[in-house]
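Data first, discussion second: the structure below is written as structure tokens.
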Amino acid sequence: MPTAIENTSQVRWDLSILYSDIADPRLDSDLRELSEKSRAFAAAYKGKLAELLGPAIQHYSDMEMLEGKIGSYIFLRESTDLANEAVKAKRAEFQRELSAIRGEHLTFFELELVGLDEGRLEELYESDPVVAKHRPWIEHVRVFKSHFLTEPVESALMKRSPFDSSAWSEFFDEAEADLVFQFQSADKNLTEMVHVLAESKDSDERAEVLRIINDGLKGPFAKYSAQTLYVVAGSKAVEDKERGYRHPMDFRNKASRIPDSVVDVLHKTVTTIGGPLTRRYYKLKAKHLGLPRLRWSDRNAPMPFADTTVVPFEEASEIVTDAYSGFSPALARIVKSFFAERRIDAPATREKRHGAFNSSRVLPGGVPVSFTLLNYLGSNRDVMTLAHELGHGVHGILAGEAQGPLMFHAPIAYCETASVFGEMTTFSFLKDRLGRTGDTKSLLALVMSKIDSAINTVVRQIGFSNFERRLHGIDSSYTDWSPPAKLSAEKLSAIWLKTTQELYGDEGEVFTYENSDHLWAYISHFHSPFYVYAYAFGELLTQSLYAQRARLGAKFEPLYLDLLRSGSTKNVVELLAPFGLDPMSQAFWADGIKTSLETLIEEAEQLSRAVGVA
């Protein structure tokens, strides 16, 4: 059987719907067109939004689609070729040009929009269909009214944005891609090493791999990563103070349309309920692995009886497509189009961005398009990652068709809904298939793999979030905020271990934590402050949503498709109301953990007893 790498070597995305190459002259001509449109926009609408808001939104949407086309191509092109100097130079050039265009000609738009009289807006909602359609977007921009600065300041900040803390993050991707680890007389990149760590059935080999990874992150890379985090946290603190945000998470929570109280309840519920469940599960896992306690390198280990045969990409695509087809023919058609239209880049190559992502845009003419990057090595986790990222993809296509460029992208905290739902659909498909075979051990391995994934998505991400909150200045009781301090790599490592043990247990209780102290250094999500709690939010929200399928029956699919089509037009309360769910309630989050994690753990315990492990 050919290996996954041989199968995926030809599974490269086709970006020609955007541009033919980095030297395509249309890139420069489109940038010139965008500059001209921006000048015309300012000349036509500055000071006139009270009369011309509808046409202004239409013009602004056209520019957003053109800018998205340019930016998407350069980002996607760079993501598969991080070492290409021509691509890096082009990206830097275009970032400077785009920020100059926005700073010079477009800064006024949102400032005038938030300054419009409420009574006048109500009149426009009644009389102008474009304004009426974009009411959710307008109202959300106006939430930030008190946080805008003067136009000259906003303009200057925009023009300087290519050189702010994001520049450190961009170079971080290149530095991480250059990391080389020596393992078994061969050079491995970080993706390959993490794959071995998660797939090896040899405890000593896993421990050695983690030691090599941790040692490779020490020294210069950890120092660079620590400085990057300080620049991110420090520059954010200065700007937050100037803009009048109450605390470092205030902007992200408002952007996600989630009250602070709900975010606090999420963190506390995962800690008080998810933490003990996690420790309970890993004690069971230790018994299966024949270990008195686990090393941190054993956390994602497969069961001794798990099938770790490489899954060819073609088989993975069939599994995911069949799973989506079993739930929704409408979603399956979109999933199939991603393969047919070459919207996926699959192989794990040295020059690619680490991990996986989906990028969706609405292109000029109102055409939604979605691209998925993987580093596919053929594990069962990789199959689930494919299902996850294609969930983002169908979300982007449906919302793009329904809402257009300004309102298609769901807020970060619940843009994970469709991706987690895609994972659950695929897991249920595989579970049903295995259940019919009567193979108890394989079913147990699948369930425990899903528990590993759920813990990584919920408990691990809240651990990340607690580390991040400490980084940005909250105290160890997670109560009071202070300005962020400059922390050395050693101090960050100490905080990392502390926030990990708050959820996974003290040293020796369930785990020993040797060679895990520098793992914070490669988590690039910390460069987008307070992004990580969205994973836990999305997982628990989706598990509660998924549990309604049986109750709602045939009504569920159309309600779910409507949820995906909503994009950013509704807050989380409005999204879940048709399903009879209330995310404002503390019980909602507790039920989400119990419905997903506790139920799966109980099933794993029952199956374990069936195979002789108490």
Side-chain angles (χ1 to χ4, degrees), residues 30-71 97-161 239 242-245 251 254-255 257 361-366 399-400 402-411 566-571:
D30 280 352
L31 184 64
R32 287 193 298 271
E33 181 183 348
L34 180 62
S35 180
E36 292 164 4
K37 283 179 176 288
S38 300
R39 289 189 180 89
F41 180 81
Y45 303 114
K46 190 171 184 178
K48 304 172 187 176
L49 291 190
E51 294 77 34
L52 299 173
L53 182 56
I57 290 174
Q58 195 63 60
H59 193 151
Y60 192 77
S61 296
D62 290 342
M63 292 187 295
E64 183 74 16
M65 289 185 284
L66 185 57
E67 181 178 338
K69 179 186 176 187
I70 298 169
E97 291 293 328
L98 289 170
S99 60
I101 288 169
R102 282 198 164 272
E104 191 70 26
H105 306 299
L106 304 181
T107 304
F108 81 91
F109 183 51
E110 289 188 344
L111 291 171
E112 287 193 21
L113 185 59
V114 301
L116 287 176
D117 177 73
E118 193 67 40
R120 177 56 183 153
L121 271 176
E122 289 294 337
E123 293 174 358
L124 290 169
Y125 293 144
E126 291 293 326
S127 63
D128 191 316
V130 174
V131 178
K133 175 181 173 61
H134 287 85
R135 181 169 188 160
W137 176 74
I138 293 168
E139 290 179 344
H140 189 54
V141 173
R142 288 167 67 84
V143 166
F144 298 91
K145 180 176 181 177
S146 63
H147 303 300
F148 281 104
L149 304 174
T150 64
E151 185 174 345
V153 174
E154 294 287 3
S155 176
L157 288 173
M158 177 56 66
K159 291 174 181 177
R160 295 172 186 174
S161 61
E239 189 165 336
E242 293 296 319
R243 293 187 181 278
Y245 286 110
F251 168 77
K254 285 178 176 175
R257 308 183 188 199
R361 285 285 188 174
V362 179
L363 301 181
Q403 305 300 341
L406 300 183
M407 301 188 298
F408 85 97
H409 198 289
S566 297
S568 64
T569 62
K570 297 178 181 178
N571 63 38

* Asked: Going through the distances and angles, do L106 and M158 end up as a side-chain contact (heavy atoms from CB on, under 4.5 Å)?
  -> CA-CA 10 Å; L106 304 181; M158 177 56 66; over 6 Å; no

* To do: List the steps, then state whether side-chain contact (heavy atoms from CB on, under 4.5 Å) holds for M407 with K133.
  => CA-CA 10 Å; M407 301 188 298; K133 175 181 173 61; 4.1 Å; yes

* To do: Show your reasoning for whether side-chain contact (heavy atoms from CB on, under 4.5 Å) applies to V141 and F109.
  => CA-CA 11 Å; V141 173; F109 183 51; over 6 Å; no

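By the 4.5 Å heavy-atom criterion applied to side chains, I138 and L53 are counted as neighbours. Residues W137 and L113 meet the side-chain proximity criterion, which asks for heavy atoms closer than 4.5 Å.
A distance of 5.0 Å separates CG in L31 from CD1 in I70, rounded to the nearest 0.5 Å. Between the OG1 atom in T569 and the CD atom in E139 there is a gap of 11.0 Å [rounded to 0.5 Å].
Side-chain atoms of H134 come within 3.5 Å of backbone N or O of V130 as a donor-acceptor pair. Judged purely by atom type and a 3.5 angstrom limit, E112 has no side-chain atom pairing as donor or acceptor with the backbone of K46. Although no hydrogens or angles enter the test, the distance criterion places no donor-acceptor pair under 3.5 Å between the side chain of S568 and the main chain of P411. Looking at R142, its side chain does come within 3.5 Å of a backbone N or O of L116 through a donor-acceptor pair.
Contacts classified as side chain to side chain donor-acceptor pair (under 3.5 Å) and involving residues 101-111 (residues at least two apart or in different chains) are given here: Y60-R102, E64-R102, E67-R102, E104-K159.
In the displayed structure, R243 atom CZ is contacted under 6.0 Å by more than 12 heavy atoms of other residues, nucleotides or ligands. Atom NE2 of H409 has 12 or fewer heavy atoms from other residues, nucleotides or ligands within 6.0 Å.
At a threshold of 4.0 Å, the pair E123-R120 counts as salt-bridged, since one of the basic side-chain nitrogens sits closer than that to a carboxylate oxygen. E122 has a carboxylate O that lies under 4.0 Å from a charged side-chain N of R135, or vice versa, which qualifies the two as a salt bridge.
Contact detail for Y45 and H59: the closest heavy-atom pair is CE1-ND1, 3.4 Å. Closest of all the heavy-atom pairs between G54 and D128 is CA-OD2, 3.3 Å. Residues L149 and E242 share a closest heavy-atom pair of CD2-O, 3.5 Å.
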Could you list the donor-acceptor pairs under 3.5 angstrom formed between side-chain atoms of residues 32-43 and any protein atom two or more places apart in sequence or on another chain?
{"residue": "S35", "atom": "OG", "partner": "R39", "partner atom": "NH1", "Å": "2.7"}
{"residue": "S38", "atom": "OG", "partner": "L34", "partner atom": "O", "Å": "2.8"}

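Of the candidates V362, D62, L363, V362 is the only one forming a side chain to side chain contact (heavy atoms under 4.5 Å, CB included) with P405.
Using cut-offs of 30° and 60° for the angle between ring planes, the F251 and F144 rings count as tilted.
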